[in-house]
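Here the structure is laid out as structure tokens; the discussion comes afterwards.
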Number of protein chains: 4
Amino acid sequence: MAEKKTVPSDGDAGGIAGKQLKSLVERIERLEEEKRALAADIKEVYAEAKGHGFDTKIMRKVIALRRRDPQDRDEEEALLETYLRALGMGPAVGGRTAAE
Amino acid sequence: MAEKKTVPSDGDAGGIAGKQLKSLVERIERLEEEKRALAADIKEVYAEAKGHGFDTKIMRKVIALRRRDPQDRDEEEALLETYLRALGMGPAVGGRTAAE
Amino acid sequence: MAEKKTVPSDGDAGGIAGKQLKSLVERIERLEEEKRALAADIKEVYAEAKGHGFDTKIMRKVIALRRRDPQDRDEEEALLETYLRALGMGPAVGGRTAAE
Amino acid sequence: MAEKKTVPSDGDAGGIAGKQLKSLVERIERLEEEKRALAADIKEVYAEAKGHGFDTKIMRKVIALRRRDPQDRDEEEALLETYLRALGMGPAVGGRTAAE
DNA sequence: AACGTTGAAATAGTTC
DNA sequence: GAACTATTTCAACGTT
């Protein structure tokens, strides 16, 4: 049966390939740690915002919206309305439906 | 790995209370398992929906909307617009037609 | 294939597809309600436990641990193979392969 | 029913609070961008590893495990105390006390 | 009763 | 395009 390739160089268990692997893994781990640090920073800023009385949940939405392509937004919105209409509910925005 | 004892099966301090604890824990575990089963069922229905060509992401949104108090929705929407306006962005999202 | 459509049979909002969507949505909503009921039951059991003087926080930890343990064991086993393979050795079955 | 607060200091959308909000949002966005850059770097390293013939899926597993391990150790320690407390004994400090 | 913490649900992204 | 993983979001809980 065909063996799945695990490490590049063949019979050299723990040899050259091992060194290389170790190096790669360590690089990744370092980058990931930096990434985590950034995430912590972001969290802090949110905390600060909250301390100033802002609603962080809404802030997150705003930031997500800004990141997003306006066209996609519109399309999704349209689709949502379509589904709501198919369910007999009026479009969610612009006030409640008259029914019920 | 060595197993850890959950309760001192035979320790004096654990006696009666230990039995009771065990019973409570098991009841909870049973309920949680049922809960997980239900979650799996829900997942299945979504898969079926997808198979019929529906957009499950939108479906989730619809269901979330239906679950939610209309008043809260409106308030949140208003706040979102407020924030967007404070940032100098038009109220891009919020259900109005794309062309304003 | 390759149509980007909104509902399977399109243009028929509130029609056939609408019925189907409605049915799916309602099924999901029903399942979700059962799920919520179960969650409430679990909460009750915790309340009862608390009433008997147990520390629910610890109980949660214990339950979480019991749930995690089997997984961990599997992962550990998988990992063992992983490392072996990473070292250029075949899966542990039967020890070293003849291929050496 | 409590009123929902929109922006902290005043209703002056686009005013003082608006400046503050904008500043916070931009800081977050900048940090997020750095974070994304890091994620891209990580991805690159994986690509490089793959180019050298390594199985990145396994690499991810290994890295995840190395990250989880220290946590597990802490949890294990915490759990020890947990069990002791569940037995009605105080935290393990000093072993069994005479206070029983 | 707000706060932070934590675990689960959902979403996005990636690989095959 | 389907599955898996990683990230993000949301809700519950205890805490102060």
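In what follows, every heavy atom counts, from backbone to side chain, and hydrogens, waters and symmetry copies are set aside.
Gln71(A) has its side chain within reach of Glu75(A): a pair of non-hydrogen atoms, C-beta onward, lies under 4.5 Å apart. Looking at heavy atoms from C-beta onward, Ile58(B) lies out of side-chain contact with Thr82(A) at the 4.5 angstrom threshold.
Going from atom CD1 of Ile63(A) over to atom P of dT9(F) covers 9 Å, rounded to whole Å. Straight-line distance from the CD atom of Glu32(D) to the P atom of dT9(F): 8 Å, rounded to whole Å. The nearest whole Å value for the distance from the CD1 atom in Ile28(A) to the C1' atom in dA6(F) is 14 Å. At whole-Å resolution of the value, CD1 in Ile42(A) and P in dT7(F) are 13 Å apart. Taking atom CG on Leu65(A) and atom P on dT9(F), their separation rounds to 12 Å, with Å as the unit. As a whole-Å value, the separation of Arg36(C) CZ from dA11(F) C1' is 12 Å. When rounded to the nearest whole Å, the span between CG of Asp55(C) and P of dC13(F) equals 15 Å. Atoms CD (Glu44(A)) and P (dT5(E)) sit 12 Å apart, rounded to a whole Å.
Residue Lys35(B) has no polar side-chain atom (N or O) positioned under 4.0 Å from OP1 or OP2 of dA8(E).
Taken to the nearest 0.5 Å, the CZ atom of Arg68(B) stands 11.5 Å off from the NZ atom of Lys61(B).
Judged as a side-chain hydrogen bond (donor to acceptor under 3.5 Å, both in side chains), and not counting sequence neighbours, the contacts of Glu29(A) are Arg66(D).
Using a 4.0 Å heavy-atom cutoff across all strands shown, Arg67(A) reaches no nucleic acid atom at all.
No donor-acceptor pair under 3.5 Å is formed between the side chain of Tyr46(B) and the backbone N or O of Ile28(C).
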Mind listing the N/O atom pairs, protein and nucleotides 12-16 of chain E, below 3.5 Å?
residue	atom	partner	partner atom	Å
dA12(E)	OP1	Lys57(B)	NZ	3.4
dA12(E)	OP2	Lys57(B)	NZ	3.1
dT14(E)	OP1	Lys43(D)	NZ	3.2
dC16(E)	OP1	Lys50(D)	NZ	3.4
dC16(E)	OP2	Lys50(D)	NZ	2.8

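A salt bridge is absent between Arg30(A) and Glu26(A): the closest approach of a Lys/Arg side-chain nitrogen to an acidic carboxylate oxygen does not fall below 4.0 angstrom.
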